[in-house]
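Convention: sequence-line order gives letters A, B, ...; per-chain numbering from 1.
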Amino acid sequence: MHVSELAHIIDGHRAGYTLPQSMYVSQDVFDHEMASIFRDTWLFACNAAEIKAPGAWLTIDIGPHAIILVRGRDGLVRGFHNSCRHRGARICLETNGQSPRLMCPYHQWTYKLDGSLLSARGLSTDHGDEQIALKPIAVEDVCGLIYICLADSPPPFDTFRNAVAPYISPHQLNHTKLAFASDQVHNANWKLIIENNRECYHCRGGHPELMKCLVEFDLPDAPDANTELLDAATMRWDKLGLPYAPVPRNTDFRCIRLPLNPGYLSFTLDGKLGCNKLLGDFKDPDLGSLRMFHAPDNWNHFLSDHTMHARVTPLSPSKTLVRTTWFVHEDAVEGVDYDPQRLAEVWLATNSQDGHLSEINHKGVQSSGYMPGPYVPAEWMVQDFTDWYLAHLRGYCDDGG
Amino acid sequence: MHVSELAHIIDGHRAGYTLPQSMYVSQDVFDHEMASIFRDTWLFACNAAEIKAPGAWLTIDIGPHAIILVRGRDGLVRGFHNSCRHRGARICLETNGQSPRLMCPYHQWTYKLDGSLLSARGLSTDHGDEQIALKPIAVEDVCGLIYICLADSPPPFDTFRNAVAPYISPHQLNHTKLAFASDQVHNANWKLIIENNRECYHCRGGHPELMKCLVEFDLPDAPDANTELLDAATMRWDKLGLPYAPVPRNTDFRCIRLPLNPGYLSFTLDGKLGCNKLLGDFKDPDLGSLRMFHAPDNWNHFLSDHTMHARVTPLSPSKTLVRTTWFVHEDAVEGVDYDPQRLAEVWLATNSQDGHLSEINHKGVQSSGYMPGPYVPAEWMVQDFTDWYLAHLRGYCDDGG
Amino acid sequence: MHVSELAHIIDGHRAGYTLPQSMYVSQDVFDHEMASIFRDTWLFACNAAEIKAPGAWLTIDIGPHAIILVRGRDGLVRGFHNSCRHRGARICLETNGQSPRLMCPYHQWTYKLDGSLLSARGLSTDHGDEQIALKPIAVEDVCGLIYICLADSPPPFDTFRNAVAPYISPHQLNHTKLAFASDQVHNANWKLIIENNRECYHCRGGHPELMKCLVEFDLPDAPDANTELLDAATMRWDKLGLPYAPVPRNTDFRCIRLPLNPGYLSFTLDGKLGCNKLLGDFKDPDLGSLRMFHAPDNWNHFLSDHTMHARVTPLSPSKTLVRTTWFVHEDAVEGVDYDPQRLAEVWLATNSQDGHLSEINHKGVQSSGYMPGPYVPAEWMVQDFTDWYLAHLRGYCDDGG
């Protein structure tokens with residue numbers, strides 16, 4: 001599909017309505033998304049604590065992009081394309097591991113953790129003048145959250161970093177460890193999964209477990225805001241010096257601290273802590289939830305006792321991986337301070353429900369009778385996301401693809 | 001694929017021969033079929049007795065078309081696209097059900113049985129001026145057979161209705177009930193399944209069960225017609241006032257009553273009735289079989305004791321659903337008057353055999369060595385079908401697609 | 001994809017480097033390969049001993065090409081497209097069989113073993129003037145190896161035949177019988193499987209079983225050649241009159257006899273014979289291995305006690321069948337002279353390992369980070385293959401596709 005055709009589809013979008021059908025189902029649009037949004041913007045990769053030791057690595061596959069993230073001996077996290085510079089074989093086959101060097105399993109070409117070629121048996125020195133190294137990608141670390149960008153010239157990252165760092169840093173991600181991980185693959189376009197996440201209009205009908213914990217209002221000045229609950233919470237947060245006010249509205253990211261429902265300290269069915277050892281220097285367990293979303297693919301909750309990170313990874317136009325990870329204090333003891341299953345059960349149920357809803361959404365959207373429909377006012381964050389999406393795609397078209 | 005290319009393929013067809021390869025295997029041709037034949041012509045949906053009560057509904061998926069058929073409080077059957085006017089989610093998830101209203105499971109938008117929007121929590125009244133309702137499709141009912149058309153301006157239905165009603169009405173479908181249903185998915189193009197149905201040239205080699213019941217000749221004046229059997233039958237039918245002569249030959253539909261083999265009252269292995277309670281006002285069990293075909297997707301048998309309807313639904317160029325349903329008198333008692341398995345066994349075996357034959361046909365047709373081959377004279381109804389198909393597709397091309 | 005675009009991809013290839021990405025993953029390139037390389041060149045089919053008796057047949061599916069090979073009453077092997085000239089159905093459904101005639105299972109049209117139509121019930125004589133017969137393909141037999149070509153005007157075969165016949169004929173394939181067959185389907189492009197086969201650079205790291213038997217050097221004058229081993233072997237072969245010198249280097253085929261490792265008479269884990277009854281007139285069991293490769297799809301090993309033939313058959317851009325067959329003397333007795341599992345175990349293990357390596361190669365090559373990489377000098381035969389491939393494809397483009 002030529003970018004002029006993509007631009008034509010973008011032009012066909014009606015403000016305040018869901019996207020045109022082809023944006024949800026077309027392989028051509030998907031391919032353009034992989035060449036634009038999933039190449040040119042910052043994508044969430046992982047909590048840096050997942051690869052804490054030198055040589056620890058993990059792999060991420062985003063559509064056609066196969067990525068290795070690895071911690072160097074110098075403590076820095078680097079990213080590379082997961083393809084050997086010899087015959088192109090995949091180098092790291094598992095989802096994660098740890099090794100002193102990166103060795104291709106095909107012909108044992110071996111790379112240092114900084115990506116440079118260490119050895120290649122029998123390679124002619126004719127190629128000695130040209131630098132053979134793993135193809136790098138850009139990596140940023142904000143308070144222990146790793147973001148990556150596959151573009152040769154990544155866009156600025158500092159506006160986001162500066163805005164969210166004060167909110168996140170008290171949770172001290174660098175002193176956390178992975179407590180639980182869930183990979184769910186849903187038969188739905190990735191944007192339907194993001195749209196689903198950006199509104200709680202469906203929560204009442206769809207999420208009995210989550211609705212025990214989560215307040216339904218999304219802004220302090222929302223018409224349905226519980227001001228009594230809010231005032232009590234902000235007084236406590238002010239005393240602790242924890243920022244909570246929403247960052248100025250923008251379509252790139254959102255960051256806000258909101259209370260949980262009365263009686264709920266964490267995302268657990270009984271409202272008690274999911275981990276008795278609190279994060280960072282926290283003493284007060286009642287910190288509500290710091291919610292942070294970063295377009296296009298990442299949402300997070302930071303609580304007093306754990307953090308939860310979700311990454312939405314497109315696999316095809318109709319198949320998407322949602323990876324969710326839960327982190328607790330690195331000194332917390334499993335079976336003593338926390339039970340991983342109990343820590344995760346509210347969001348595991350919620351993610352399964354969201355997966356089902358996204359799948360029936362996809363099924364309906366791919367039918368010939370689908371017509372873009374109107375967002376209701378409560379879906380303003382969905383609109384922010386589709387606005388971000390369309391603006392980015394339009395910029396890509398304007399640049400000639 | 002541009003329609004000019006499709007027209008070029010049509011031009012390449014040689015009269016009296018099977019269709020060009022791409023018509024059986026190409027996704028592009030399939031997409032055009034879905035936008036023409038499966039949008040602009042009348043398709044068989046179901047026996048109306050499947051949705052007898054107000055609020056009873058069933059769903060049909062035809063390629064990209066997702067349809068709901070629902071009986072209203074006023075007794076009328078209506079059809080809608082199965083996609084919510086909010087965010088497009090699929091509304092009815094199951095194949096059939098019954099409910100006082102149609103509610104989208106995503107955000108609980110609720111529609112009346114006539115498709116109009118009843119409630120949508122939080123919907124801004126900004127959209128109040130524009131009619132939000134489920135997108136309707138055209139529905140026709142001929143003697144209890146429901147046909148649908150997805151076109152904005154459906155073609156006339158009355159020629160067909162007027163021609164076949166006298167044949168069908170004595171079987172009183174409105175006083176039947178579903179006795180058995182079979183869904184078989186075959187890895188073959190839908191047209192190969194129709195072609196297979198339109199000739200009995202393969203019956204002798206392929207259908208031992210069916211050949212016990214079915215006469216092989218297909219017209220009273222066929223060279224192999226059993227005139228003795230025929231004369232005895234028509235004398236009986238004349239006495240009962242049942243029409244039997246074939247409707248004038250046309251490519252849209254066929255309707256004819258023919259006797260079964262001597263000693264056979266129904267499509268059963270032993271020739272006895274499949275249901276002891278006869279349909280309508282019938283007293284005589286020996287009525288042969290009223291055969292009715294309607295292009296592109298439906299064939300039926302109406303007997304003294306039951307009716308059988310087959311719907312051929314394309315799922316992809318190489319995958320087709322054949323749904324077959326058996327109906328008996330609504331007052332017949334299962335286990336007393338009929339055994340569903342016994343009622344269906346001849347055609348269940350036949351359908352499986354036809355599925356296998358269509359699959360080996362598809363396999364050979366998709367190979368590079370396939371060349372269109374000559375129909376034999378006994379395949380005159382296959383030719384009628386391909387003529388109908390090509391004429392319709394040519395009209396679509398002439399109209400610019 | 002227009003051939004001009006294919007030509008553009010060919011032009012983008014850098015000499016001495018692996019192929020451009022699209023050549024390994026694109027459906028369009030695959031379709032062109034099926035219309036060029038897999039139509040216009042000689043492909044390996046089987047050892048003729050697989051269809052020894054009149055009426056014995058086997059089927060081969062190569063991408064869209066469905067082929068029957070059958071032995072006639074006159075002893076000749078013929079090839080036909082596996083599609084009935086009536087409605088196109090597949091005629092032979094199994095992988096192999098034996099029958100006095102070829103009968104289509106759909107309407108029982110029946111063909112003689114030479115492809116001519118024997119009977120077609122009810123076929124109008126209007127078609128009598130035109131010859132209805134199975135569509136033939138070209139077949140060549142070189143010392144019992146059957147090659148086929150689907151082109152109307154196949155390229156010359158004699159250069160190959162004349163060059164390799166003196167090497168192969170002493171092994172007397174016509175007096176062999178099938179001892180074991182293995183069909184492995186790998187999720188990799190067929191060229192990656194061929195490339196993998198054309199170098200032993202990966203053997204040391206990947207094939208512990210094979211490396212017990214196989215010498216790693218590939219030419220008598222290779223830098224790593226074991227001259228002591230080689231001199232002893234050639235002296236023996238000279239005495240027996242067995243040719244061993246490599247045929248002059250060319251990209252169409254390779255043929256050379258090389259010794260096995262000291263102490264190894266056959267491809268077995270203990271080095272002992274895999275079959276105690278030797279092939280042909282051989283008395284000396286220590287004949288090393290005659291290696292013969294024929295582009296694009298076939299490699300072989302001919303030993304004193306058995307032969308092994310591999311056929312690489314593309315199924316889709318990312319799926320390939322590797323069929324390997326082992327043959328022993330026709331008079332050898334299973335369980336007495338040979339144990340099929342023991343005969344095959346070294347190469348079964350090797351093929352599985354190669355399949356895995358090809359799959360990780362494909363996985364990396366299909367990622368967006370893949371860049372063509374440099375072949376090392378030890379991969380000269382891989383370069384010969386890609387040179388052959390590119391030259392053939394360029395010729396196809398020059399001819400207008």
Side-chain angles (χ1 to χ4, degrees), chain A residues 14-27 187-189 191-196 198-207 216-217 222-224 353-380 382-383 385-386, chain B residues 27 31 33-36 38-40 59-68 79-94 102-111 115 117 119-137 148 150-152:
Chain A
R14 179 174 172 186
Y17 279 68
T18 57
L19 297 172
Q21 182 181 49
S22 62
M23 287 184 164
Y24 294 117
V25 304
S26 148
Q27 180 69 50
N187 294 317
N189 185 269
K191 295 185 294 297
L192 294 177
I193 286 173
I194 293 292
E195 291 189 40
N196 174 273
R198 302 320 297 142
E199 48 91 358
C200 214
Y201 181 43
H202 70 275
C203 289
R204 210 184 290 175
H207 297 315
E216 211 170 339
F217 63 92
D224 58 345
Q353 291 149 0
D354 280 333
H356 171 70
L357 294 173
S358 300
E359 289 187 354
I360 66 173
N361 198 357
H362 189 94
K363 270 198 160 184
V365 162
Q366 76 183 2
S367 78
S368 66
Y370 167 74
M371 289 179 288
Y375 292 120
V376 305
E379 294 170 310
W380 63 276
V382 185
Q383 287 204 53
F385 168 67
T386 52
Chain B
Q27 180 70 49
D31 292 343
E33 290 176 348
M34 291 303 119
S36 60
F38 287 88
R39 184 185 295 268
D40 298 339
T59 58
I60 304 176
D61 292 284
I62 309 163
H65 311 308
I67 303 299
I68 306 169
F80 305 104
H81 285 275
N82 195 356
S83 175
C84 184
R85 290 296 308 276
H86 174 217
R87 300 241 304 263
R90 191 173 173 93
I91 293 172
C92 292
L93 306 183
E94 307 299 328
L102 299 175
M103 187 177 78
C104 176
Y106 200 170
H107 302 89
Q108 291 77 50
W109 282 31
T110 304
Y111 303 85
L117 183 64
S119 73
R121 177 167 53 94
L123 175 64
S124 161
T125 50
D126 294 359
H127 301 282
D129 55 333
E130 127 180 65
Q131 182 72 12
I132 297 185
L134 292 180
K135 200 173 162 185
I137 61 164
I148 57 177
L150 284 66
D152 294 330

statement: Bottom line for E379(A): the part with an atom under 4.5 Å from chain B's heavy atoms is side chain
message: Counting heavy-atom pairs under 4.5 Å with chain A, which one of H107(B), R39(B), H81(B), K135(B) comes out on top?
response: H107(B)
query: So does D224(A) have more than 12 non-hydrogen atoms from other groups sitting under 6.0 Å from CG?
result: yes
task: On the 0 to 90° scale, with breaks at 30° and 60°, tag the W109(B)-H86(B) ring pair as parallel, tilted or perpendicular.
output: parallel
message: Is R121(B) in contact with chain A via its backbone, its side chain, both, or neither, using a 4.5 Å heavy-atom distance?
response: both
message: Taking side chain as everything from C-beta outward and backbone as N, CA, C, O, which of these in E359(A) sits under 4.5 Å from a heavy atom of chain B? Side chain, backbone, both or neither.
response: neither
- prompt: When only pairs under 4.5 Å are counted, which of I91(B), I67(B), L93(B) shares the most heavy-atom pairs with chain A?
  reply: L93(B)
Test item: R85(B) side-chain N/O and L134(B) main-chain N/O as donor-acceptor pair under 3.5 Å: no
- prompt: Relative to chain B, which segment of T18(A) carries a heavy atom at a distance below 4.5 Å: side chain, backbone, both, or neither?
  reply: side chain
- prompt: Would you call K363(A) and D61(B) a salt bridge, taking side-chain N to carboxylate O under 4.0 Å as the test?
  reply: no
message: At a 4.5 Å cut-off on heavy atoms, which part of H356(A) comes close to chain B: side chain, backbone, both, or neither?
response: side chain
- request: Count the heavy-atom pairs under 4.5 Å between each of N361(A), V382(A), L19(A), N196(A) and chain B, then report the option with the highest count.
  value: N361(A)
task: Return the option, out of A120(B), C84(B), P64(B), with the maximum number of heavy-atom pairs under 4.5 Å with chain A.
output: P64(B)
field: For chain B, the option from R204(A), Q21(A), Q366(A) that forms the most heavy-atom pairs under 4.5 Å
entry: R204(A)
query: Which distance, rounded to the nearest 0.5 Å, do you find between the CG of N187(A) and the CD1 of I360(A)?
result: 13.5 Å
query: Once you round to the nearest 0.5 Å, how far does CD of E199(A) lie from CD of Q383(A)?
result: 11.5 Å
field: For S358(A) against L192(A), the heavy-atom pair lying closest together
entry: OG-O, 3.9 Å
